[in-house]
Amino acid sequence: MQSENNLDESLQLREVQELQGHTDTVWAVAWNPVTGIGGAPSMLASCSGDKTVRIWENTPTPNTTSPSWACKAVLEETHTRTVRSCAWSPNGKLLATASFDATTAIWENVGGDFECIASLEGHENEVKSVSWSASGMLLATCGRDKSVWIWEVQPGNEFECVSVLQGHTQDVKMVQWHPNLDILVSASYDNSIKVWAEDGDGDDWACMQTLGNSVSGHTSTVWSVSFNSSGDRMVSCSDDLTLMVWDTSINPAERSGNGGPWKHLCTISGYHDRTIFSVHWSRNGLIASGASDDCIRIFSESTDDSVDGTSYKLILKKEKAHSMDVNSVQWHPSEPQLLASASDDGRIKIWEVTRINGLANSH
């Protein structure tokens with residue numbers, strides 16, 4: 001294993017609150033992108049093997065400096081099996097939830113009440129992930145049936161499937177849109193990441209590039225991907241115990257010349273000895289990982305001039321962050337020192353990166 005002598009001794013991951021309520025594995029958490037801004041309370045969605053989705057909100061409590069998180073709504077009696085993934089639309093008004101019951105539900109927040117306004121059907125079996133495009137006009141889902149579906153949001157909250165992408169040879173674990181472009185990335189049990197875009201001529205979507213073993217890619221299941229805020233880099237995590245960072249600065253839909261437009265930059269290896277399930281890039285450049293060793297790790301780009309090319313170092317490691325596997329880690333969209341995590345132990349935790357002798361990188 002890599003030495004951990006880069007750890008920043010002045011940083012700590014402080015547990016702000018543990019959120020209890022789910023009665024089974026919590027698979028994913030998602031921050032509402034427009035909450036926590038301008039005094040509005042932060043809102044977090046979580047989804048679970050208990051077939052429910054919970055909406056959590058922080059409300060400032062009188063006479064204390066720290067907000068208190070409470071469950072504001074339980075979305076139930078819609079999905080009949082595990083809810084594996086949840087994602088907010090960019091305007092924060094709609095929540096999509098993907099389930100092992102082969103459906104994706106769309107919920108609308110109407111004055112704090114969540115109503116199921118659509119159910120998207122088409123996958124043969126378990127839906128594993130759901131993601132909204134930056135414009136909010138497209139939704140992607142993927143599943144165990146090896147397919148990726150792209151849905152277009154129509155007026156009146158109608159959703160029309162515009163493309164079914166067949167390219168992966170195994171279960172597709174995650175879909176993620178690029179933060180600025182209509183470029184979709186999918187990660188699979190077939191060890192590859194595929195990059196999809198509209199084909200220049202028509203409305204057809206096509207695979208622009210496959211990031212696999214032949215281009216220094218992963219050698220086992222790819223569980224998760226995340227872009228940095230500007231979209232010019234992407235990080236992926238895998239069952240092969242590595243994180244990989246990719247240069248995604250070239251739009252693959254406008255590629256020319258030889259080779260794929262996206263390039264492998266570096267591999268972060270030697271820090272994990274168990275499967276890495278989740279990775280997420282914060283707005284201020286920190287990468288968090290959640291793994292089956294119950295730990296949360298945080299990496300930052302190394303500024304060591306003696307190292308050729310790009311490299312990342314482990315700056316913080318939280319042992320026993322949960323009592324079981326960490327399935328999801330998600331940085332807050334506007335308060336980059338806050339991190340949420342979800343686990344097989346049925347708990348969600350809110351964390352804050354702080355300096356032991358004061359505040360972490362104050363913004």
Is [Y] reachable from [X] through a run of I, L, V, M, F, W or Y residues, each pair having side-chain heavy atoms under 4.5 Å apart?
{"X": "Leu13", "Y": "Ile315", "result": "yes"}
{"X": "Leu95", "Y": "Trp31", "result": "no"}
{"X": "Val16", "Y": "Val29", "result": "yes"}
{"X": "Tyr189", "Y": "Ile276", "result": "no"}

Verify, without hydrogens or angle tests, whether [X] (side chain) and [Y] (backbone) share a donor-acceptor contact under 3.5 angstrom.
{"X": "Thr52", "Y": "Leu75", "answer": "no"}
{"X": "Asp101", "Y": "Thr80", "answer": "yes"}
{"X": "Ser238", "Y": "Leu241", "answer": "no"}
{"X": "Trp281", "Y": "Ser229", "answer": "no"}
{"X": "Asp293", "Y": "Asp273", "answer": "no"}
{"X": "Ser99", "Y": "Thr82", "answer": "yes"}
{"X": "Asp345", "Y": "Ser323", "answer": "yes"}
{"X": "Ser343", "Y": "Asp325", "answer": "yes"}
{"X": "Thr169", "Y": "Asp190", "answer": "no"}
{"X": "Asp240", "Y": "Thr219", "answer": "yes"}

Mind listing the closest non-hydrogen atom pair of [X] and [Y] along with its distance?
{"X": "Pro333", "Y": "Pro33", "result": "CG-CA, 4.0 Å"}
{"X": "Trp27", "Y": "Ser48", "result": "CD1-C, 4.1 Å"}
{"X": "Ile55", "Y": "Met43", "result": "CG2-CG, 3.6 Å"}
{"X": "Trp331", "Y": "Leu286", "result": "NE1-O, 3.5 Å"}
{"X": "Ala45", "Y": "Cys86", "result": "O-SG, 3.9 Å"}
{"X": "Cys142", "Y": "Val127", "result": "O-CG1, 3.3 Å"}

Do [Y] and [X] meet the salt-bridge criterion of a basic N to acidic O distance under 4.0 Å?
{"X": "Asp171", "Y": "Lys128", "answer": "yes"}
{"X": "Glu319", "Y": "Lys317", "answer": "yes"}
{"X": "Lys146", "Y": "Glu124", "answer": "no"}

What is the ring orientation for [X] with [Y], classed by angle as parallel under 30°, tilted 30 to 60°, or perpendicular over 60°?
{"X": "Trp177", "Y": "Trp205", "result": "perpendicular"}
{"X": "Trp262", "Y": "Phe227", "result": "perpendicular"}
{"X": "Phe299", "Y": "His272", "result": "tilted"}

State, yes or no, whether a side-chain contact exists between [X] and [Y] at a heavy-atom distance under 4.5 Å.
{"X": "Leu94", "Y": "Trp132", "answer": "yes"}
{"X": "Val225", "Y": "Val235", "answer": "no"}
{"X": "Leu138", "Y": "Glu152", "answer": "yes"}
{"X": "Arg84", "Y": "Phe100", "answer": "yes"}
{"X": "Asp294", "Y": "Lys320", "answer": "no"}
{"X": "Val162", "Y": "Trp151", "answer": "no"}
{"X": "Ser186", "Y": "Trp196", "answer": "yes"}
{"X": "Lys349", "Y": "Gln17", "answer": "no"}

With rounding to the nearest 0.5 Å, note down the distance linking [atom1] in [X] to [atom2] in [Y].
{"X": "His332", "Y": "Thr35", "atom1": "NE2", "atom2": "OG1", "result": "5.5 Å"}
{"X": "Thr104", "Y": "Glu121", "atom1": "OG1", "atom2": "CD", "result": "9.5 Å"}
{"X": "Leu265", "Y": "Asp247", "atom1": "CG", "atom2": "CG", "result": "5.0 Å"}
{"X": "Ile268", "Y": "Arg297", "atom1": "CD1", "atom2": "CZ", "result": "12.0 Å"}
{"X": "Cys161", "Y": "Leu139", "atom1": "SG", "atom2": "CG", "result": "10.5 Å"}
{"X": "Trp246", "Y": "Asn228", "atom1": "CH2", "atom2": "CG", "result": "15.0 Å"}

Show the numbers, then the answer: is there a side chain to side chain contact (heavy atoms under 4.5 Å, CB included) between Val26 and Asn327?
CA-CA 7 Å; Val26 187; Asn327 295 317; 5.9 Å; no

For the pair Leu339 and Val353, evaluate side chain to side chain contact (heavy atoms under 4.5 Å, CB included) and give the outcome as yes or no after the intermediate values.
CA-CA 8 Å; Leu339 181 73; Val353 178; 5.7 Å; no

Does a sphere of radius 6.0 Å around CD in Glu77 hold more than 12 heavy atoms from other residues, nucleotides or ligands, not counting ones at 6.0 Å or beyond?
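Atom CD in Glu77 is not packed in, count stays at 12 or less.
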
Answer yes or no: does atom CD of Glu158 have more than 12 heavy-atom neighbours from other residues, nucleotides or ligands under 6.0 Å?
no

The test is side-chain hydrogen bond (donor to acceptor under 3.5 Å, both in side chains); show your working for Thr354 and Gln12 and say whether it passes.
CA-CA 6 Å; Thr354 62; Gln12 64 172 350; 3.1 Å; yes

Taking atom types as modelled and ignoring hydrogens, do the side chains of [X] and [Y] form a donor-acceptor contact shorter than 3.5 angstrom?
{"X": "Thr221", "Y": "Trp223", "value": "no"}
{"X": "His22", "Y": "Thr25", "value": "no"}
{"X": "Lys194", "Y": "Thr210", "value": "yes"}

Run the numbers on Ile296 and Val326 for side chain to side chain contact (heavy atoms under 4.5 Å, CB included), then give the verdict.
CA-CA 8 Å; Ile296 294 173; Val326 182; 4.3 Å; yes

Does the ring center of Phe114 lie less than 6.0 Å from the ring center of Trp107?
no

Does the pair Ser135 and Ser133 meet the rule for a side-chain hydrogen bond (donor to acceptor under 3.5 Å, both in side chains), with working shown?
CA-CA 5 Å; Ser135 66; Ser133 68; 3.2 Å; yes

Worked check of side-chain hydrogen bond (donor to acceptor under 3.5 Å, both in side chains) between Asp239 and Thr275
CA-CA 5 Å; Asp239 204 32; Thr275 300; 2.4 Å; yes

Does the side chain to side chain contact (heavy atoms under 4.5 Å, CB included) test come out yes or no for Trp149 and Ser163, once each step is laid out?
CA-CA 6 Å; Trp149 290 52; Ser163 201; over 6 Å; no

Between Thr141 and His123, is the side-chain hydrogen bond (donor to acceptor under 3.5 Å, both in side chains) condition met? List the steps.
CA-CA 9 Å; Thr141 58; His123 282 286; 2.8 Å; yes

